[in-house]
Amino acid sequence: MARQLRFNGTGSGGTGCPSVHEDTESGEVIVHGPPLTDADDIAQLRHLSEGEVAVVVPRELLVDWTPKEATRQARIIDLDEFEGLFRTFSHSAWRLETRRRYASDEATGTYRQFVETGGVEWDENDPYCELIRSQTAQGKRVERVRIVDQPLTTGQLYLLNNAKRNSRLGEDIRNLWRTDADRLQLPTEDFWLFDSRLAARLRFDDDHLVDVELITEPAEIVRYSVIRDAAWHHAVPHEDLAAQLSNSG
């Protein structure tokens, strides 16, 4: 069975070598870089076994991108504390949505309305709307990239309709085809990134949101920021996606 490897980062600029990856299941770290080839240098190495290859990496690569705390305990917060993050962020809240369905959406009356009629009469005065409207009115940014399939699932079509309401609150919502997300090697994890300093990784049991892992480790925050920049660059405004679907239909 193939490892589930996550790209942590590179110290090489655009070439991608040397780089650090991490096995998300075992926690093992994989480093690749240019091989050490000089015979006199290799002769100084201890315990280099047959089949092993020594690679050369700058010290900064290990300092910046290898996990710092092998025994770090996940800090899990409940959904009430998670909601509080939307009241306390200072500048920006950015979301990556990767799932094909969300059970919490399917339990709502608006979802049933959408399935039955193809449209929704949205309430723009519920507590979430009032909170986000108050934050964006202060100039704070609330942004999302939603990864979507071809064809879109019912849940993704529902969220595309929902984007019209949330945009009126001041959110900027964009979409990215899953084929493009795979090409960019974006992760399948859902998360919010607040002020580029704190990440909230959403943890699901099947398609039900259970709790949230709060992350402040600098290397992880940088990794999430890189994901954000790549996804945002390639995503298109939700209005453009809706127009594409309308024209193709």
Side-chain angles (χ1 to χ4, degrees), residues 1-77 94 96-99 145 147 176-205 210-235:
M1 183 176 178
R3 291 175 180 263
Q4 297 299 312
L5 298 183
R6 182 179 69 197
F7 173 68
N8 280 11
T10 177
S12 65
T15 64
C17 180
S19 296
V20 172
H21 292 74
E22 186 176 351
D23 188 316
T24 58
E25 296 183 358
S26 70
E28 292 176 308
V29 177
I30 294 91
V31 179
H32 69 82
L36 186 69
T37 57
D38 186 279
D40 291 335
D41 292 340
I42 294 174
Q44 300 177 59
L45 299 178
R46 299 185 183 185
H47 311 299
L48 185 67
S49 301
E50 183 178 355
E52 293 181 342
V53 176
V55 299
V56 181
V57 299
R59 179 180 294 273
E60 291 80 3
L61 180 76
L62 303 181
V63 171
D64 292 342
W65 296 111
T66 52
K68 304 303 186 298
E69 301 176 50
T71 59
R72 179 178 67 86
Q73 296 296 312
R75 180 186 171 193
I76 305 303
I77 61 175
W94 190 91
L96 180 68
E97 297 182 14
T98 66
R99 304 181 72 84
V145 168
I147 296 176
L176 180 67
W177 294 114
R178 192 172 300 277
T179 51
D180 292 327
D182 291 343
R183 176 177 55 81
L184 295 168
Q185 297 184 312
L186 298 185
T188 58
E189 56 195 295
D190 274 40
F191 66 90
W192 280 92
L193 182 64
F194 295 94
D195 296 328
S196 298
R197 66 172 186 84
L198 183 152
R201 180 187 294 152
L202 279 60
R203 309 199 323 166
F204 292 84
D205 180 5
V210 177
D211 55 31
V212 176
E213 180 182 358
L214 206 59
I215 300 169
T216 56
E217 183 181 351
E220 281 290 273
I221 298 304
V222 171
R223 184 176 72 87
Y224 283 123
S225 298
V226 171
I227 293 167
R228 174 198 59 199
D229 290 350
W232 194 251
H233 178 74
H234 291 276

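Any value given below was found using the heavy atoms of this structure, including those in side chains, with hydrogens, waters and symmetry copies removed.
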Flag side-chain contact, heavy atom, 4.5 Å: Tyr224 against Ile215
yes

Atom pair CZ (Arg203) and CD1 (Ile77), whose distance is rounded to the nearest 0.5 Å
11.0 Å

Is there side-chain contact between Val212 and Trp192, with heavy atoms separated by less than 4.5 Å?
no

Just wondering, do Leu176 and Leu186 contact through their side chains at under 4.5 Å, heavy atoms?
yes

Restricting to non-hydrogen atoms, name the atom on Arg178 and the atom on Ile147 that form the minimum distance, rounded to 0.1 Å.
CA-CG2, 3.6 Å

Could you go through the side chain to side chain contact (heavy atoms under 4.5 Å, CB included) check for Glu220 and Arg201 one step at a time?
CA-CA 11 Å; Glu220 281 290 273; Arg201 180 187 294 152; 3.3 Å; yes

Heavy-atom closest pair (Glu189 atom, Leu96 atom, distance to 0.1 Å) is O-CD2, 3.9 Å

Under 3.5 Å: donor-acceptor pair, side chain of Asp195, backbone of Arg197
no

On a heavy-atom basis, which atom in Ala199 and which in Ile221 lie closest, and how many Å separate them?
N-CD1, 3.5 Å

Hey, could you give me the CZ/CG distance between Phe194 and Leu214, rounded to the nearest 0.5 Å?
9.0 Å

Validation row: His32, His21 side chains within 4.5 angstrom (heavy atoms)
yes

Determine whether Asp180 and His234 make a side-chain contact, defined as any pair of heavy atoms from C-beta on separated by less than 4.5 Å.
no

How close do Leu48 and Ala54 get, heavy atom to heavy atom, and via which atoms?
CD1-N, 4.4 Å

Run the side chain to side chain contact (heavy atoms under 4.5 Å, CB included) test on Leu5 and Asp23 for me, step by step, so that the C-alpha distance in whole Å, both residues' side-chain angles and the decisive distance to 0.1 Å come before the verdict.
CA-CA 5 Å; Leu5 298 183; Asp23 188 316; 4.2 Å; yes

Indicate yes or no: at least one non-hydrogen side-chain atom of Arg223 is less than 4.5 angstrom from one of Glu22.
no

Please step through side chain to side chain contact (heavy atoms under 4.5 Å, CB included) for the pair Thr216 and Arg75, ending with a clear verdict.
CA-CA 10 Å; Thr216 56; Arg75 180 186 171 193; 5.9 Å; no

What one should report as the nearest heavy-atom pair of Pro35 and Val53 is CB-CG1, 4.0 Å

Considering only heavy atoms from C-beta outward, does the side chain of Ser225 approach that of Leu193 to under 4.5 Å?
yes

For the backbone of Glu97 and the side chain of Asp190, can you confirm whether one donor and one acceptor N or O come within less than 3.5 Å of each other?
no

Got a donor-acceptor contact below 3.5 angstrom from the Arg99 side chain to the Thr188 backbone?
no

Quick one: does Asp229's side chain get under 4.5 Å of Trp232's, heavy atoms only?
no

